[in-house]
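The structure appears below as structure tokens.
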2 protein chains.
Amino acid sequence: MAKTRVLIVDDEPNIRDLLATSLRFAGFDIQTAANGAQAVTAVTESEPDIILLDVMLPDMNGFSVTKKLRASGIQAPILFLTARDDTEDKITGLTVGGDDYLTKPFSLDEVVARIQAILRRTKTADAEPSIIDAGAIVINQDAHEVSVEGKNVELSPTEYKLLRFLVMNPDRVLTKAQILDHVWEYDFNGDMGIVESYVSYLRKKLDPISSRPLIQTKRGVGYIYKKQD
Amino acid sequence: MAKTRVLIVDDEPNIRDLLATSLRFAGFDIQTAANGAQAVTAVTESEPDIILLDVMLPDMNGFSVTKKLRASGIQAPILFLTARDDTEDKITGLTVGGDDYLTKPFSLDEVVARIQAILRRTKTADAEPSIIDAGAIVINQDAHEVSVEGKNVELSPTEYKLLRFLVMNPDRVLTKAQILDHVWEYDFNGDMGIVESYVSYLRKKLDPISSRPLIQTKRGVGYIYKKQD
DNA sequence: TAGGCCTCTCAACTAACTCTCAGCTTTCTT
DNA sequence: AAGAAAGCTGAGAGTTAGTTGAGAGGCCTA
């Protein structure tokens with residue numbers, strides 16, 4: 001299967017680069033545009049499979065761009081990016097037809113997860129549930145549910161994202177810096193102590209119902225989740 | 001089974017796009033026309049299974065278009081779209097046969113439901129009632145009746161639509177934005193607090209007669225209805 | 001025109017979550 | 001064996017998300 005083509009439309013170069021780098025690494029084929037006009041040009045040159053679109057662009061807003069794109073016959077789903085405080089009025093009517101939105105500042109892992117969720121839903125008509133099955137831990141992404149050896153666990157949003165990141169990268173040590181960069185919002189500026197805290201929270205919830213410690217510490221390096229012992 | 005072909009006839013590009021995107025995602029094969037003349041041309045090219053027709057078009061009214069379509073031998077049922085303040089006389093006489101009408105602004109979920117209702121009625125001669133059977137909750141769409149574990153519940157129109165949307169997407173978290181975009185009329189521009197209010201109303205009616213909480217909150221994500229626990 | 005249902009808004013309240021910090025334990029180094 | 005570094009965790013402050021009651025206003029029916 002060819003690489004999925006993603007078009008990133010955002011006027012802030014920082015965000016654009018952050019997304020481009022991160023998504024390229026995640027295996028996507030990336031194109032970027034800094035405003036609505038460029039976006040319209042870009043889609044005609046190479047039709048993307050999905051579009052990441054900032055709702056507030058210098059030349060036009062999300063609705064106008066969407067309209068122009070749709071008018072050019074583009075049917076690719078759109079993941080809208082909005083500022084936290086835009087979220088009441090600006091997004092209504094956006095999550096139609098497989099589209100979705102994400103508020104800035106987001107976490108990189110969340111962007112990838114959303115893209116995959118959208119593509120899954122739009123590609124296959126009747127989407128089978130998206131399940132990450134990694135041995136002892138099974139995550140149902142549609143229902144946002146986690147089970148350990150068959151038993152359900154209730155997790156807070158951050159605990160969920162952290163565990164998902166660990167489980168999606170099994171048998172690999174992830175440094176605290178990597179975890180911070182992927183799981184926390186990109187403008188988070190506390191220290192890595194928070195990762196330790198949340199690993200602790202997870203262990204407190206997971207280990208009592210598991211037959212073995214699930215998240216292991218690699219001292220001086222980071223944390224690892226192993227599919228089997 | 002091949003995809004159902006829907007022809008959308010409306011002069012407002014916004015509405016056309018909204019409908020096209022939404023219905024395409026719902027699994028229909030979409031064609032569009034901006035006026036009566038285009039509509040007549042379109043139906044001859046590819047015979048639609050159902051037509052969504054705005055009653056007030058720039059070049060001719062609903063009666064004329066219908067007459068022309070019928071004259072070309074098209075028997076597909078028509079779902080008329082009318083403005084809220086259009087008086088009764090604009091509609092009377094139109095909804096003969098399997099036809100029906102819907103007032104603007106409508107909700108997207110409602111459009112899909114109506115289309116399916118019409119197709120059900122016109123396709124199978126002896127219409128068996130359309131029942132959504134999702135575990136504890138059973139919805140009879142023809143009778144607009146809801147039962148929880150066999151017991152009947154009276155719901156207001158909005159409560160009904162909200163519950164239907166949740167029940168038609170079981171075991172999947174639906175965000176407040178998705179719910180707002182599908183269940184509420186497309187021009188609604190209040191905030192998502194209303195979804196919370198209506199979930200609260202539903203719970204007050206459903207939970208007392210149910211053996212388990214039916215609508216669960218996924219904090220930071222949305223709401224979910226699970227077929228079984 | 002009054003009464004009743006319905007929709008929607010608002011605000012108080014509650015529960016849950018995020019993050020920081022400090023003191024503790026474990027592991028490594030010399 | 002002692003000290004340093006790294007990691008763990010409980011407590012708590014501050015914030016945010018979700019729930020619910022009260023009520024304004026619209027619309028329909030009697």
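Letters go in sequence order (proteins before strands), and every chain restarts at 1. Values below: all heavy atoms of this structure, side chains included; hydrogens, waters and symmetry mates excluded.
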Listed by chain and number, what are the ring pair (Phe, Tyr, Trp, His ring centres under 6.0 Å) partners of B:F25, not counting sequence neighbours?
->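 Ring pair (Phe, Tyr, Trp, His ring centres under 6.0 Å) list for B:F25, sorted by chain: empty.
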List in chain and number order the residues that pass ring pair (Phe, Tyr, Trp, His ring centres under 6.0 Å) with A:F28, two or more places apart in sequence or in another chain; answer none if no residue qualifies.
->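 Applying ring pair (Phe, Tyr, Trp, His ring centres under 6.0 Å) to A:F28 gives none.
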For residues 183-192 of chain A, run the donor-acceptor check on the side chains, cut-off 3.5 Å, and write out each pair with its distance to 0.1 Å, sequence neighbours left out.
from, atom 1, to, atom 2, distance (Å)
A:E185, OE2, A:R84, NH2, 3.1
A:D191, OD1, A:G193, N, 2.8

Starting at [atom1] of [X] and ending at [atom2] of [N], how long is that distance when rounded to a whole Å?
X	N	atom1	atom2	answer
A:K218	D:dC8	NZ	P	13 Å
A:Y198	C:dT20	OH	C1'	11 Å
A:E185	C:dT18	CD	P	10 Å
A:R203	D:dG7	CZ	C1'	9 Å
B:E196	C:dA15	CD	C1'	14 Å
B:Q216	D:dA17	CD	C1'	17 Å

Under-4.0 Å side-chain N/O to phosphate OP1/OP2 contact, [X] with [N]:
X	N	result
A:T217	D:dC8	yes
B:S200	D:dT20	yes
A:K204	D:dG10	yes

Report, one pair per line, the protein and nucleotides 23-29 of chain C atoms (nitrogen or oxygen only) whose separation is under 3.5 Å.
from, atom 1, to, atom 2, distance (Å)
C:dT26, O2, A:R219, NH2, 3.2

To the side chain of A:S156, which of C:dT18, D:dG18, C:dT7 is closest?
->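 Taking heavy atoms from C-beta onward, the closest nucleotide is C:dT18.
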Nearest to the side chain of B:Y223 - C:dC6, D:dT19, C:dT18?
->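 The nucleotide sitting nearest to the side chain is D:dT19.
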Considering residues at least two apart in sequence or located in another chain, which fulfil the side-chain hydrogen bond (donor to acceptor under 3.5 Å, both in side chains) criterion with [X]?
X	value
A:Q116	none
B:R203	B:T217
B:E145	none

Partner set under side-chain contact (heavy atoms from CB on, under 4.5 Å) for B:N14, not counting sequence neighbours |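 Checked B:N14 against side-chain contact (heavy atoms from CB on, under 4.5 Å); matches are A:K67.
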By nearest nucleotide on DNA chain C, pick out whichever of A:G190 and B:I194 is the more 5' one.
->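 Per heavy-atom nearest nucleotide, the more 5' residue is B:I194.
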Compute whether any side-chain donor of one residue and acceptor of the other, for A:N61 and A:S64, lie under 3.5 angstrom apart.
->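 Their side chains do contain a donor-acceptor pair, which is all the 3.5 Å distance test asks for.
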Should we count NZ of A:K68 as having more than 12 external heavy atoms under 6.0 Å?
->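 Atom NZ in A:K68 is not crowded, with 12 or fewer foreign heavy atoms closer than 6.0 Å.
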Can you give one letter per nucleotide of nucleotides 22-30 of chain D, going 5' to 3': B for a protein heavy atom under 4.0 Å from the base, S for sugar-phosphate only, - for none?
-> ---------
For residues 172-181 of chain B, tabulate all N or O donor-acceptor pairs below 3.5 Å that involve a side-chain atom, not counting sequence neighbours.
from, atom 1, to, atom 2, distance (Å)
B:T175, OG1, B:Q178, N, 3.1
B:K176, NZ, B:E196, OE2, 2.8
B:Q178, OE1, B:T175, N, 3.0
B:D181, OD1, A:G93, N, 2.7
B:D181, OD2, A:L94, N, 3.4
B:D181, OD2, A:T95, N, 2.9
B:D181, OD2, A:T95, OG1, 2.5

Sorted by first residue and then second, give each salt bridge (charged side-chain N to carboxylate O under 4.0 Å, His left out) pair with at least one member in residues 14-26 of chain B; sequence neighbours left out.
->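 Pairs touching residues 14-26 of chain B that pass the test: none.
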Sub-4.0 Å heavy-atom contacts from residues 158-184 of chain A onto DNA chain C, ordered by number =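 Heavy-atom contacts with DNA chain C come from A:T158, A:W184.
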